[in-house]
Amino acid sequence: MAAETLKSGAGAGGAAAVRRLLLDNGALTALIVLVIAMSALSGDFLTTDNLLNVGVQAAVTAILAFGVTFVIVSAGIDLSVGSVAALSATVLAWSATQHGVPVVLAVVLAVATGIAAGLVNGFLIAYGKLPPFIATLAMLSVARGLSLVISKGSPIAFPDSVSHLGDTLGGWLPVPVLVMVVMGLIAAFVLGRTYIGRSMYAIGGNEEAARLSGLRVKKQKLAIYALSGVFAAAAGVVLASRLSSAQPQAADGYELDAIAAVVIGGASLAGGTGKASGTLIGALILAVLRNGLNLLSVSAFWQQVVIGVVIALAVLLDTVRRKAGATPMAAGTGSGGGKGRQAATYGLAAVVTVAIVGATSFLHGGNPSSANPKVGLALSTLNNPFFVQIQSGAKAEAKKLGVDLTVTDAQNDASQQANQLQNFTSSGLDSIIVNPVDSDAASNSVKAADKAKIPVIAVDRGVNKATVDALVASDNVAGGELAARTVAEKLGGTGKIVILQGQAGTSAARERAEGFAKGLKAYPGIQVLAQQPADFDRTKGLDVMSNLLQAHPDVQGVIAANDEMALGAIKALGSKAGKSVQVVGFDGTPDGLAAVKNGTLYASVAQQPSQLGRIAVDNALKALQGKKVEETVKVPVKVVTKENVAGFTG
């Protein structure tokens with residue numbers, strides 16, 4: 001693999017030597033092939049701005065992965081790094097901005113949080129004899145829960161002095177890339193030049209032999225997991241700096257990307273092998289894949305498929321390499337000649353890449369650009385019928401107006417959406433439409449688009465601390481009030497209800513909850529028995545409602561922050577839905593309207609999402625053409641009941 005020096009046979013011929021070179025540097029070879037392929041397929045890939053984007057987008061994953069490398073080399077696993085990153089950033093923002101703690105001390109507290117989480121992991125594994133998978137899975141849940149508790153489910157503004165970590169030096173060199181390089185050098189030094197680094201390889205190679213040789217394995221494991229926590233804390237601070245806020249749901253799932261980067265980079269999950277340089281290459285491969293697939297307008301769903309295939313191929317290549325007789329050497333144990341050969345390999349790879357990539361640039365030099373305007377639509381998620389309808393309306397209007405529309409799915413990840421918006425900006429789209437995962441987190445990316453003089457239209461949710469040409473939205477707060485009034489009036493002003501809230505930390509969940517509270521103030525006879533989040537998800541709505549029914553069997557009404565949760569609640573209520581219990585949803589999705597027709601859902605506060613998509617594309621084209629657009633375009637919400645559902649089109 002890329003980070004390992006392998007002993008070649010003395011009498012190998014030219015073909016065998018090339019084969020061995022490719023096997024010995026599989027990740028590096030894969031990265032070169034990817035760069036060449038993306039350069040050939042997209043004329044927007046090989047630009048300075050986009051290559052810097054790749055570096056920025058790899059930074060957080062790489063920093064997390066450096067810490068995970070320590071754990072995997074020692075034959076462990078750490079599933080908690082994403083949650084620990086979010087918790088560390090939340091502690092920093094909470095202590096500095098809400099409690100007046102000096103920023104330097106707040107940073108120390110954030111790092112201490114990462115160390116504490118790592119020490120707990122290490123203690124449970126080394127002294128509690130828990131499997132690493134179970135111990136770190138428990139910490140994943142604990143750390144994420146604490147992040148939500150501390151932040152109360154809402155993003156916390158990040159201190160300005162620390163937010164500069166998300167900026168650039170000299171107006172072009174991203175600070176996250178510099179932090180990634182520094183953390184990579186530290187990881188390489190620890191692995192290759194320190195006692196604890198050698199201990200990692202010894203424990204991963206044969207833990208019992210390491211113990212018998214006098215190594216204090218339990219104490220070393222404490223230190224190894226503490227180091228992983230330090231790197232997770234650093235990654236959390238960098239991520240929050242990019243988003244200008246600490247998001248309690250940040251870095252969700254990033255532990256899988258970190259593990260993937262380590263494995264792709266040549267480390268074995270069995271332990272004993274792995275290097276920081278290989279991990280960096282693995283993180284870059286993931287970043288290049290995502291960046292290139294974004295530029296090629298490949299669906300986010302297919303992106304997951306491609307990345308899964310790449311991980312499988314990386315492990316398969318490792319198996320082939322081992323069967324071919326390769327003998328990986330631990331960091332810091334290679335001879336000077338071996339290091340020289342490795343340096344020569346990297347140098348040769350760089351020369352070959354530059355030469356081939358330079359040649360591919362001619363493929364795009366004479367290609368005429370499309371005459372149609374190019375617009376990017378960055379959606380918060382496509383795992384929700386409401387946003388699927390926004391996409392459908394936008395695509396229909398784009399086709400009608402002759403607009404080339406590129407759609408991305410952030411999967412409710414503010415960091416992933418920031419990457420997608422950066423890709424839109426660097427690829428020179430004519431206009432951008434953004435449906436923010438979080439209104440604060442999107443600000444830096446929108447500012448970059450403004451600086452590039454690209455018109456930006458916000459849809460459904462606004463963007464804070466940045467200028468957009470227009471906001472096309474219905475009022476979530478007003479809609480929430482309308483939902484509360486609807487259920488209260490249906491119950492005659494008195495009754496017992498429960499509220500199913502949206503995903504903690506999202507602006508839509510906060511605004512709708514605010515509207516519910518405002519609307520219910522006018523009905524003192526309505527008693528709220530419970531309020532629980534179900535994350536805008538139908539399955540979770542079913543589970544949460546089933547649980548609430550055990551404690552509150554006398555419930556008479558349900559307000560859900562979207563139709564998906566309302567439909568889950570209806571399933572839990574069974575025959576009670578629409579009879580003894582009135583359920584009101586939000587969004588006016590096709591499934592929600594069907595439930596309104598059959599009477600199980602009393603009403604849905606419909607936002608007409610298809611209209612949102614159509615109007616957003618129309619305004620994006622007007623802004624591009626220099627025509628005047630309204631700063632705020634309100635699409636009215638409408639209560640849809642059985643009486644008027646037949647005439648509602650959405």
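These numbers come from a predicted model, not from an experiment. Values below: every heavy atom of this structure, side chains too, minus hydrogens, waters and symmetry copies.
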Minimum heavy-atom distance between Leu239 and Ser415, given as atom pair plus value
CD1-OG, 3.2 Å
With distance as the sole test, does Thr425 use its side chain to make a donor-acceptor pair with the main-chain N or O of Ala448 at under 3.5 Å?
no
Do Phe66 and Ile186 come close enough that some side-chain heavy atom pair is under 4.5 Å?
no
Mind checking side-chain contact (heavy atoms from CB on, under 4.5 Å) for Lys447 and listing every partner two or more places apart, or none if nothing turns up?
Asn444, Ala466
Where the side chain of Asp475 meets the backbone of Ala478, is there a donor-acceptor pair that is under 3.5 Å apart?
yes
Kindly indicate whether the side chain of Leu169, heavy atoms from C-beta on, has any atom under 4.5 Å from the side chain of Val175.
yes
Can I get a per-line list of side-chain donor-acceptor pairs under 3.5 Å for residues 82-100, giving both atom names and the distance, sequence neighbours left out?
residue	atom	partner	partner atom	Å
Ser83	OG	Leu140	O	2.9
Ser88	OG	Val84	O	2.9
Ser88	OG	Ala110	O	3.4
Thr90	OG1	Ala86	O	2.8
Thr90	OG1	Ser147	OG	3.0
Trp94	NE1	His99	NE2	3.1
Ser95	OG	Val91	O	2.7
Ser95	OG	Leu92	O	3.1
Thr97	OG1	Ala93	O	2.5

Measure the shortest side-chain to side-chain distance between Val498 and Val528 over non-hydrogen atoms and say whether it is less than 4.5 angstrom.
no
Would a 4.5 Å heavy-atom cut-off, applied to side chains only, mark Ile63 and Val179 as touching?
yes
Could you walk me through whether Leu119 and Tyr225 pass the side-chain contact (heavy atoms from CB on, under 4.5 Å) check?
CA-CA 6 Å; Leu119 287 173; Tyr225 281 92; over 6 Å; no
Write down the atom of His552, the atom of Ala530, and the distance for their closest heavy-atom approach.
NE2-CB, 4.0 Å
Take Val81 and Tyr254 through the test side-chain contact (heavy atoms from CB on, under 4.5 Å) and record every step on the way to the result.
CA-CA 8 Å; Val81 289; Tyr254 279 36; over 6 Å; no
From Ile77 atom CD1 to Ile134 atom CD1, the distance as rounded to the nearest 0.5 Å:
12.5 Å
Pairing donors with acceptors under 3.5 angstrom, does anything connect the side chains of Asp78 and Ser228?
yes
Asn384 CG to Glu564 CD distance, which is reported to the nearest 0.5 Å:
6.0 Å
Check whether any side-chain N or O of Asp460 sits under 3.5 Å from a backbone N or O of Ala473 as a donor-acceptor pair, and report yes or no.
no
Looking at Asp543 and Arg538, does any basic side-chain N land under 4.0 Å from a carboxylate oxygen?
no
Glu511: what forms a side-chain hydrogen bond (donor to acceptor under 3.5 Å, both in side chains) with it, not counting sequence neighbours?
Asn476
Scanning both residues in full, the closest heavy-atom pair of Ser443 with Asp440 reads OG-O, 2.9 Å
Checking side-chain hydrogen bond (donor to acceptor under 3.5 Å, both in side chains) against Gln420, which of Asp413, Thr408, Thr406 comes through?
Thr408
Determine the minimum heavy-atom distance between Ala470 and Asn619, stating which atoms define it.
CB-OD1, 4.4 Å
Decide whether Ser426 and Asn50 meet the rule of one side-chain donor and one side-chain acceptor closer than 3.5 Å.
yes
side-chain hydrogen bond (donor to acceptor under 3.5 Å, both in side chains) filter on Gln531, not counting sequence neighbours, yields Gln501
In the structure I gave you, are the side-chain heavy atoms of Ile559 and Leu500 within less than 4.5 Å of one another anywhere?
no
I need the minimum non-hydrogen distance between Phe387 and Leu382, along with the two atoms involved.
O-CD2, 3.9 Å
Derivation of the side chain to side chain donor-acceptor pair (under 3.5 Å) call for Asn412 and Gln417
CA-CA 8 Å; Asn412 278 324; Gln417 185 169 68; over 6 Å; no
From CD (Gln416) to CG (Asp257), nearest 0.5 Å
8.5 Å
Please step through side-chain contact (heavy atoms from CB on, under 4.5 Å) for the pair Asn423 and Leu295, ending with a clear verdict.
CA-CA 7 Å; Asn423 294 341; Leu295 295 180; 4.3 Å; yes
Would you call Asp438 and Arg510 a salt bridge, using N to O less than 4.0 angstrom?
yes
Roughly how far apart are Asn562 CG and Gln607 CD, rounded to 0.5 Å?
10.0 Å
Does the ring of Phe586 carry Arg512 above it, NZ/CZ under 6.0 angstrom from centre and within 45° of its axis?
yes
Would you mind reporting whether Asp450 and Val456 have side-chain heavy atoms less than 4.5 Å apart?
yes
Under a plain distance cut-off of 3.5 Å, with no hydrogens placed, do Ser380 and Asn435 share a side-chain donor-acceptor pair?
yes
Ring centroid separation for Phe231 and Phe70, is it under 6.0 angstrom?
yes
Whether Thr381 side chain and Asn383 backbone form a donor-acceptor pair below 3.5 Å
yes
Test Met200 against Leu191 for side-chain contact (heavy atoms from CB on, under 4.5 Å), laying out the working first.
CA-CA 8 Å; Met200 294 173 191; Leu191 286 167; 3.8 Å; yes
Does Lys634 NZ have over 12 foreign heavy atoms under 6.0 Å away?
yes
Main-chain N/O of Ala442 paired to Ser445 side chain as donor or acceptor, under 3.5 Å:
no
Heavy-atom closest pair, residues Ala65 and Val262
O-CG2, 3.4 Å
Residue set satisfying side-chain hydrogen bond (donor to acceptor under 3.5 Å, both in side chains) with Gln527, at least two apart, ordered chain then number -> none
Within the side chain of Glu255, is there an N or O that forms a donor-acceptor pair under 3.5 Å with the backbone of Leu137?
no
Check whether any side-chain heavy atom of Ser163 sits under 4.5 Å from a side-chain heavy atom of Phe158, and report yes or no.
yes
Are the side chains of Val633 and Leu471 in touch, meaning some heavy atoms are under 4.5 Å apart?
no
Between the CG atom in Asn291 and the CG atom in Leu286, the distance rounded to the nearest 0.5 Å is 12.5 Å
For Phe424, is there any backbone N or O sitting under 3.5 Å from a side-chain donor or acceptor partner on Ser427?
yes
Find the distance between CG (Asp587) and CE (Met565) and round it off to the nearest 0.5 Å.
9.0 Å
Can a donor-acceptor pair be found, under 3.5 Å and without considering hydrogens, that links the side chain of Asp409 to the backbone of Gln411?
yes
Non-neighbouring partners of Thr113 that pass side-chain hydrogen bond (donor to acceptor under 3.5 Å, both in side chains), sequence neighbours left out
none
Taking Arg242 first and then Asp167, would you say they form a salt bridge - that is, a charged N and a carboxylate O separated by under 4.0 Å?
no
Counting only N and O atoms by type, is there a donor-acceptor contact under 3.5 Å from the side chain of Ser439 to the main-chain atoms of Gly462?
yes
Pairing of Glu514 and Lys518 as salt bridge, 4.0 angstrom limit
yes
